[in-house]
> 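Could you have a look at this structure, given as structure tokens, before my questions?
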Amino acid sequence: MQRSHWKNRWTFILATAGSAIGLGNIWKLPYMIGVNGGSAFVLVFIACIFFVGIPLMMTEILLGRRAQKNPFNGMQQLAQEADASHLWKYLGGMGMLTGLLILGFYSVVGGWVLAYIVKAATGSFSQISASQSSTNFDALLASPLILLGWHTLFMCMTMGVVARGVNSGLEKANNILIPALFAILLVLLGYSMSVGDMQAAYTFMFTPDFSKITPVAVLSALGHAFFSLSLGMGAVMVYGSYLQRNVSIARTTIYIALADTMLGLLVGLAIYSLVFANQLAPNAGPGLIFQTLPIAFGQMPGGNFIGMLFFMLVAFAAWTSAISLVEPMVAWIVENTQIKRATSCLGIGVAVWLLGVAVVLSFNEWKDIKIVFNLNIFDTLDKLTSTILLPLGGLLMAIFAGYAMNKNHVQDELNLNRHWFTLWRVTNNLIAPIAIFGVFLYLFGVIQ
Ligand code: PFF
């Protein structure tokens, strides 16, 4: 069967940037910065992107492009080519399942975002007090049916795009949504510069205070670098499998990583400048954009309109990432069975929707059900995927490309000069695995 390919390298860059730029950048990163004391976290995060994220993104793209298959069959074929154990194919399988686990909670949060577009558009932020804003958000979380409705809509939007295939679905959606997202970002930045407190936001995010760099900050920064760049689960691999041979992997990776990191930091600046201009606290945790930010919008000129634009930006980001979370599994079904793409999307959509139902209930009816370490369903899925499964997937891919694959095959794909190739090898074979391994040792209490 003829496989689809991206039209050109820009569509690949847009699609992969679309996967990378998501709730991680706009919802998670700003609150993680707040909770971990600001600048220290930002600096460690940037270091993680450069020394671990970029090399591993190159690795994942090269694996996909060489195999030209979905992650499961792709790893199987690469292992065969390298004379390595056939068990490597389960690394691809693990990634495909991880994507569905992430989408289970991602879609519910995507639903909150859709709900907030409507809230902003209908003027519900106007002059709200801090307590009203919290009550609004709590009321949303306490209503299973409303959450379910938004989660269902978000799943339909996601599966609707994936069902149309690589060129008419994924490519088209990203070609429209990502430029629109950056256009909204510009408006938002202009607005924050004119009415917000950019200086305070800048100081909070970029004044180095090394005493705040704790093991927990490093741990969450590394985990978040994976999540943010969509690494370790085969999304980038399957996107790489649709990439033409003549495109430079290193250059495209750098564009994608820069777009992802810059967007996260610029949105952070915009959010904090509005938060500080209204004397609100920066460390609100997960409620930052849903509780704190609406208070700021409600007190500012044109705040409802800008609030609506802001939540549209978040929705576009979430949508283009969600697409990439299911594509590996869909590609696997389409490439191994007679089932049509649209039908497999329906099946996967229903399965993930059901998982989302459990996540929805974990905010209300099943609030007291704890899975492990006193975490509810939502937190368990989030922690399990971003602190364990994605780094583990990334670690194993790095080991495979660095130690199992034939060096000439790797060089063939990367096509770098000697110095850059050595640099990639040092980061992929040593720095990234040691960093991830260190995180695991810390996580399991082996080192303190
Ligand atoms: N990178 C996305 C974000 O930052 O929100 C999340 C994500 C998408 C993670 C796709 C992993 C993935 F494969």
Side-chain angles (χ1 to χ4, degrees), residues 14-33 45 48-49 53-54 56-57 59-61 63-64 70-71 91-110 112-113 154 158 161-162 170 173-174 177-178 181 220-241 253 256-257 259-268 286 289 313-332 348 352 381-394 397:
L14 283 180
T16 314
S19 168
I21 296 170
L23 292 171
N25 304 63
I26 309 168
W27 169 60
K28 265 189 167 181
L29 181 67
Y31 84 65
M32 290 175 86
I33 294 174
F45 178 69
C48 291
I49 292 282
I54 290 181
L56 288 194
M57 184 175 250
T59 304
E60 206 171 322
I61 299 175
L63 294 177
N70 66 79
L91 170 58
M94 177 178 95
M96 295 178 340
L97 287 175
T98 306
L100 303 191
L101 293 180
I102 296 178
L103 189 58
F105 70 89
Y106 208 82
S107 165
V108 175
V109 181
W112 303 351
V113 176
F154 190 86
T158 304
V161 172
V162 181
L170 277 63
N174 281 295
L177 295 174
I178 297 301
L181 183 153
S220 33
L222 188 69
H224 190 66
F226 273 91
F227 189 84
S228 185
L229 290 179
S230 304
L231 297 177
M233 58 139 278
V236 170
M237 193 162 158
V238 83
Y239 277 17
S241 78
T253 300
I256 296 161
D260 183 60
T261 312
M262 291 295 292
L263 184 122
L265 297 178
L266 290 175
V267 169
I289 72 166
L313 180 153
V314 190
F316 291 175
W319 192 7
T320 50
S321 298
I323 291 167
S324 73
L325 287 164
V326 270
E327 179 59 22
M329 187 59 112
V330 172
W332 178 71
I348 295 172
V352 176
L381 284 176
D382 180 16
K383 293 279 173 317
L384 173 71
T385 52
S386 46
T387 40
I388 299 182
L389 292 176
L390 296 183
L392 181 64
M397 285 181 200

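Ligands are counted one by one from 1 in listed order, and the atoms in each one are counted from 1 as well. The structure displayed is predicted, hence computed values, not measured ones.
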> Quick check for you: to the nearest 0.5 Å, what is the distance between L91 atom CG and M96 atom CE?
10.5 Å
> With heavy-atom distances below 4.5 Å as the criterion, would you say the side chains of L29 and H224 are in contact?
yes
> Is it true that a side-chain atom of S321 and a backbone atom of A317 form a donor plus acceptor pair closer than 3.5 Å?
yes
> Counting only heavy atoms not in W27 (residues, nucleotides, ligands), do more than 12 fall under 6.0 Å from its CH2?
yes
> Report yes or no: does T320 contribute a side-chain atom to a donor-acceptor pair with the main-chain N or O of G18 at less than 3.5 Å?
yes
> May I have the N/O to N/O pairs between ligand 1 and the protein that fall below 3.5 Å, each with atom names and distance to one decimal?
residue  : atom  : partner : partner atom : Å
ligand 1 : 1 (N) : S19     : O            : 3.1
ligand 1 : 1 (N) : A20     : O            : 3.0
ligand 1 : 1 (N) : F227    : O            : 2.7
ligand 1 : 1 (N) : S228    : O            : 3.1
ligand 1 : 1 (N) : S230    : OG           : 3.0
ligand 1 : 4 (O) : A20     : O            : 3.0
ligand 1 : 4 (O) : G24     : N            : 3.4
ligand 1 : 4 (O) : N25     : OD1          : 3.4
ligand 1 : 5 (O) : L23     : N            : 3.0
ligand 1 : 5 (O) : G24     : N            : 2.7
ligand 1 : 5 (O) : Y106    : OH           : 2.6

> Can you check whether A225's main-chain N or O pairs, donor with acceptor, with S228's side chain at less than 3.5 Å?
no
